Amino acid sequence: RPALLTSLLAALAGCGTGPDEERIFGTYSLVSVEGNSLPYLDQSDPNCDIFISEGELRLVVNGTYGLEFSGLLDCSRSGGPADGSIGRFYSGRFSRNGSTLGFEVHIQGVGDLQFSGPAGSGEAEVAVPPIPPQTGPVLSLQFQLSPGAP
């Protein structure tokens, strides 16, 4: 029995240390959008420009996540404010299958929205769709594990 307990403790101590078991939990900072540095010009029309300038992805041990990004809405070309703000927030459950993270968010009146992306070595890339009823392109967001993140 003591040998079994020792083996069990040794196995538990090793959890999460192998390459396939890399810890992914923690807070990641947005570093680029579509492979371009921040701030990223997301949309532009004759009246306004929409920039993405910051964001964060939090992966929690209990399988939940929070993903948000925000930026500046500049409508000064059309006589509007130059300092508006935009943002999106997603939260729900996530799962991991190898090096791929799968995310799910429930949207009231719409249902579940699913998206995914690769993660590993302190980096994650997530392809986020617009939140219905909004339309638009899927954005590829690149994140890096924040220094000092658990």
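The model shown is predicted, which means the values in this text are computed figures rather than measured ones.
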Taking atom CG of Asp45 as the centre, does the number of heavy atoms from other residues, nucleotides or ligands within less than 6.0 Å exceed 12?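 Buried by this count: over 12 neighbours within 6.0 Å.
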Hey, does the side chain of Arg93 reach the backbone of Asn62 with a donor-acceptor pair shorter than 3.5 angstrom? yes
Shortest non-hydrogen contact from [X] to [Y]?
X	Y	value
Thr135	Pro130	C-CG, 3.8 Å
Cys48	Arg77	O-NH2, 3.2 Å
Leu57	Ala124	CD2-CB, 4.1 Å

Inter-residue atom distance [X].[atom1] - [Y].[atom2], 0.5 Å rounding:
X	Y	atom1	atom2	result
Phe94	Leu67	CZ	CG	12.0 Å
Asp112	His106	CG	NE2	6.0 Å
Leu59	Thr27	CG	OG1	8.5 Å
Ile52	Glu34	CD1	CD	8.5 Å
Ser76	Asn47	OG	CG	10.5 Å
Asn36	Gln142	CG	CD	8.5 Å

Take Ser70 and Glu56 through the test side-chain contact (heavy atoms from CB on, under 4.5 Å) and record every step on the way to the result. CA-CA 9 Å; Ser70 60; Glu56 185 175 89; over 6 Å; no
Begin from the C-alpha positions of Leu38 and Glu54 and carry the test side-chain contact (heavy atoms from CB on, under 4.5 Å) through to its verdict. CA-CA 7 Å; Leu38 301 177; Glu54 61 185 356; 5.6 Å; no
Same cluster or not: are Val126 and Ile131 linked, directly or through other Ile, Leu, Val, Met, Phe, Trp or Tyr residues, by side-chain heavy atoms under 4.5 angstrom apart? yes
Do Val105 and Val138 share a hydrophobic cluster, counting only Ile, Leu, Val, Met, Phe, Trp and Tyr and linking them when any side-chain heavy atoms are less than 4.5 Å apart? no
Restricting to side-chain hydrogen bond (donor to acceptor under 3.5 Å, both in side chains), what partner residues turn up for Arg88, sequence neighbours left out?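 In terms of side-chain hydrogen bond (donor to acceptor under 3.5 Å, both in side chains), with neighbours along the sequence ignored, Arg88 is linked to Tyr90.
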Derivation of the side-chain contact (heavy atoms from CB on, under 4.5 Å) call for Val31 and Phe143: CA-CA 5 Å; Val31 294; Phe143 294 90; 5.8 Å; no
Taking only residues two or more places apart in sequence, or in another chain, which ones meet [X] in a side-chain contact (heavy atoms from CB on, under 4.5 Å)?
X	answer
Pro132	Ile107, Val110, Leu113
Glu123	Gln144
Ser91	Phe89

Grouping ILVMFWY residues whenever side-chain heavy atoms fall under 4.5 Å, the cluster of Ile86 otherwise contains Ile50, Leu73
Could you walk me through whether Leu141 and Val128 pass the side-chain contact (heavy atoms from CB on, under 4.5 Å) check? CA-CA 7 Å; Leu141 307 177; Val128 294; 3.7 Å; yes
Under the ring pair (Phe, Tyr, Trp, His ring centres under 6.0 Å) rule, what pairs show up with a residue in residues 36-87, not counting sequence neighbours?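 Pairs touching residues 36-87 that pass the test: Tyr65-Phe103.
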Between Val33 and Leu139, is any pair of side-chain heavy atoms under 4.5 Å apart?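 Yes, side chains in contact.
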Test item: Asp49 and Ser44 side chains (from C-beta on) under 4.5 Å apart, heavy atoms: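 Asp49 vs Ser44: side chains touch.
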Any donor-acceptor pair under 3.5 Å linking the side-chain atoms of Ser146 with those of Ser29? yes
